[in-house]
A.B. asks: 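Once you've had a glance at the structure underneath, I'll fire off some questions.
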Amino acid sequence: MTVLKSDYYVRKIESVQRLFAIKLIRGFKSISYEASLTLSGLPPIINRIHERVLSYAAKHPDHYSQPCLNSHIDFTNNLSSTYNVDIGKYGRNVVGLNSTPPYMRCSPNVSISPLSLYPLSKEGTLNIYTDGSKTPDGTGCAFVVFYPDWIDYGQSKLSNENSVFQAELLAIRNSLQSLFNCQLGSVFHKINIFSDSVSSLQSIKDCDPKNSLARDVQKYISFFSMFTEVTLTWCKGHSKILGNELADFFAKDAITNPHSKFISLPPSLSHLKNTCLLYTSPSPRDLSTSRM
């Protein structure tokens, strides 16, 4: 990263991108770097490099906890302050140690194949529907539990810095947490969790997930699997499935509902990338030279 501190090497990198931009717009070789990027719509390559550096730092925050002068760590810390990104917020995303090798871990029972019928209330079975939603006002998630004799639901609100992926995983985790409040003596032979997020289900199915929420879900599934069967199934969103429609309604309502519980989570990596892209609107040349 010390190369990016030199204006000479930065201009060399920009000259290579300029050639590609000229090819895209079929322009003359006399076109400037700024004009070629404006016409081609390409983001400045230096900003893309900065985005990659900050993404790596967000995934490995422990490496950057102690500043060290004249090193890539010092450069990354200064870069994060330039883009107003707090790397320390991502500390809880660090993968914890697990003594069990990934190939010996039991993956949860997850299916992404659609069903012909999605059940609601059934004797001896819990059917849970979860959903997450994101609007300009914020991010929310919710779950609906269909007990044999009644219906329960839960809502949570997240910040604008969180993604729908995080909201979907949080809804599944909260639904499993709510089962600890079941009445004593309740016996359920099966727990079905339905979600319209394929990415969340795949993350839970992963033997060694990198997301802390997915690991929490796996822990809850392992606990309940000692007493009953737990399955996670994909259901198509906005397809008139009653359970999914209710979960979607409560997820959207959680964003503006003052009674919904706010849960603080680390910002998503997509928010970090969008923050870096905000710096591409001014002159690319001014950005690349002023941030070195």
Side-chain angles (χ1 to χ4, degrees), residues 92-93 96 108-110 118 120-121 125-135 137-147 150-183 186 188 190-206 209-235 237 241-268:
R92 282 172 286 179
N93 277 340
N109 185 6
V110 177
Y118 290 89
L120 298 178
S121 299
T125 303
L126 282 183
N127 294 311
I128 305 173
Y129 290 84
T130 65
D131 200 9
S133 179
K134 186 177 179 67
T135 66
D137 297 326
T139 309
C141 66
F143 65 88
V144 181
V145 184
F146 289 88
Y147 291 94
W150 76 95
I151 299 176
D152 190 18
Y153 72 94
Q155 296 174 292
S156 297
K157 182 180 181 180
L158 298 86
S159 70
N160 290 322
E161 298 179 348
N162 297 123
S163 62
V164 178
F165 175 72
Q166 291 176 302
E168 297 277 0
L169 283 176
L170 181 63
I172 298 175
R173 192 196 71 176
N174 290 348
S175 67
L176 291 171
Q177 283 182 340
S178 69
L179 299 184
F180 288 103
N181 298 325
C182 291
Q183 297 178 359
S186 300
F188 303 105
K190 191 174 183 179
I191 299 175
N192 297 321
I193 301 177
F194 300 97
S195 173
D196 59 4
S197 173
V198 176
S199 58
S200 299
L201 296 178
Q202 290 177 338
S203 177
I204 296 172
K205 189 177 181 180
D206 190 358
K210 302 299 184 292
N211 190 284
S212 59
L213 290 173
R215 295 197 301 272
D216 290 343
V217 172
Q218 288 184 350
K219 293 177 183 178
Y220 284 113
I221 293 176
S222 299
F223 173 78
F224 287 108
S225 296
M226 295 188 296
F227 313 100
T228 184
E229 180 184 358
V230 182
T231 61
L232 295 93
T233 308
W234 174 77
C235 65
I241 300 175
L242 180 57
N244 178 261
E245 294 294 337
L246 285 175
D248 180 67
F249 169 79
F250 287 121
K252 289 182 171 61
D253 178 71
I255 299 175
T256 56
N257 190 343
H259 300 290
S260 59
K261 182 180 179 181
F262 178 79
I263 297 181
S264 177
L265 292 178
S268 63

A.B. asks: Does the side chain to side chain contact (heavy atoms under 4.5 Å, CB included) test come out yes or no for N109 and E229, once each step is laid out?
C.D. replies: CA-CA 9 Å; N109 185 6; E229 180 184 358; 4.2 Å; yes
A.B. asks: Which atoms form the tightest heavy-atom contact between A142 and A251, and what is the distance?
C.D. replies: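 The answer is CB-N, 3.4 Å.
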A.B. asks: Specify the closest pair of heavy atoms between E161 and Q166, including all atoms of both residues, with the distance to one decimal.
C.D. replies: O-OE1, 4.5 Å
A.B. asks: Taking the side chain as C-beta and beyond, is there a heavy-atom pair between F188 and F227 under 4.5 Å?
C.D. replies: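 Answer no - side chains too far apart.
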A.B. asks: Looking at side-chain heavy atoms only, is the closest gap between V230 and P108 below 4.5 Å?
C.D. replies: no
A.B. asks: For Q155 and S260, indicate whether the former's side chain and the latter's backbone hold a donor-acceptor pair under 3.5 Å.
C.D. replies: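 Checking the backbone N and O of S260 against the side chain of Q155, no donor-acceptor pair under 3.5 Å is found.
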A.B. asks: Go through it in stages, so that I can follow the logic: the residues are Y129 and S175, the test is side chain to side chain contact (heavy atoms under 4.5 Å, CB included), and I'd like the CA-CA distance, side-chain angles, deciding distance and then a yes or no.
C.D. replies: CA-CA 9 Å; Y129 290 84; S175 67; over 6 Å; no
A.B. asks: Look only at the side chain of K157 and the backbone of K261, and say whether a donor-acceptor pair between them is shorter than 3.5 Å.
C.D. replies: no
A.B. asks: Atom OG in S197, atom CH2 in W234: separation rounded to 0.5 Å?
C.D. replies: 11.0 Å
A.B. asks: What verdict does the ring pair (Phe, Tyr, Trp, His ring centres under 6.0 Å) test give for F180 and F224, after you've listed the backbone C-alpha separation in whole Å, the side-chain angles of each residue and the deciding distance to 0.1 Å?
C.D. replies: CA-CA 10 Å; F180 288 103; F224 287 108; 5.2 Å; yes
A.B. asks: Measure the spacing between CD1 of I255 and OG of S133 and express it to the nearest 0.5 Å.
C.D. replies: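 Interatomic distance, I255 CD1 to S133 OG, rounded to 0.5 Å: 4.5 Å.
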A.B. asks: With rounding to the nearest 0.5 Å, note down the distance linking CZ in F146 to CG in L120.
C.D. replies: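 Reported to 0.5 Å precision, the distance equals 4.5 Å.
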A.B. asks: Taking D206's backbone N and O only, do any of them form a donor-acceptor pair with Q218's side chain (distance below 3.5 Å, no angle check)?
C.D. replies: yes
A.B. asks: For a side-chain contact (heavy atoms from CB on, under 4.5 Å) with I193, tell me which candidate from T233, L176, N127 qualifies.
C.D. replies: L176
A.B. asks: Between K134 and T139, is there a side-chain donor-acceptor contact under 3.5 Å, judged purely by atom types and distance?
C.D. replies: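 The criterion, which ignores hydrogens and geometry beyond distance, is satisfied for K134 and T139.
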A.B. asks: Can you name the closest pair of heavy atoms from A254 and G140 and give their distance?
C.D. replies: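 A254 and G140 have their closest heavy atoms at CB-CA, 4.5 Å.
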A.B. asks: So if I apply the side-chain contact (heavy atoms from CB on, under 4.5 Å) rule between S203 and each of L213, V110, N211, which one comes out positive?
C.D. replies: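 Looking at L213, V110, N211, the match for S203 under the side-chain contact (heavy atoms from CB on, under 4.5 Å) is N211.
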A.B. asks: Return the OG1 to CG distance between T130 and N244, rounded to the nearest 0.5 Å.
C.D. replies: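 Going from OG1 on T130 over to CG on N244, the span is 8.5 Å.
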A.B. asks: Between CG of D216 and CD1 of I172, what distance do you get to the nearest 0.5 Å?
C.D. replies: 12.0 Å
A.B. asks: Please step through side chain to side chain contact (heavy atoms under 4.5 Å, CB included) for the pair K252 and D131, ending with a clear verdict.
C.D. replies: CA-CA 9 Å; K252 289 182 171 61; D131 200 9; 5.6 Å; no
A.B. asks: Please walk me through it: do L126 and T228 pass side chain to side chain contact (heavy atoms under 4.5 Å, CB included)?
C.D. replies: CA-CA 11 Å; L126 282 183; T228 184; over 6 Å; no
A.B. asks: Strictly distance-based, threshold 3.5 Å: is any side-chain N or O of S156 a donor or acceptor partner for the main-chain N or O of F262?
C.D. replies: no
A.B. asks: Roughly how far apart are L179 CG and N174 CG, rounded to 0.5 Å?
C.D. replies: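 Going from the CG atom of L179 to the CG atom of N174 covers 11.0 Å.
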A.B. asks: Could you check if a side-chain atom of D248 sits within less than 4.5 angstrom of a side-chain atom of D196, using non-hydrogen atoms only?
C.D. replies: no
A.B. asks: With no hydrogens and no angle check, just 3.5 Å: does a side-chain donor-acceptor pair link D152 and S178?
C.D. replies: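 No, S178 and D152 have no side-chain donor paired with an acceptor closer than 3.5 Å.
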A.B. asks: Do the side-chain N and O atoms of N162 and S268 include a donor-acceptor pair separated by under 3.5 angstrom?
C.D. replies: no
A.B. asks: Report yes or no: does E168 contribute a side-chain atom to a donor-acceptor pair with the main-chain N or O of F165 at less than 3.5 Å?
C.D. replies: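 No, because the side chain of E168 does not come within donor-acceptor range (under 3.5 Å) of the backbone of F165.
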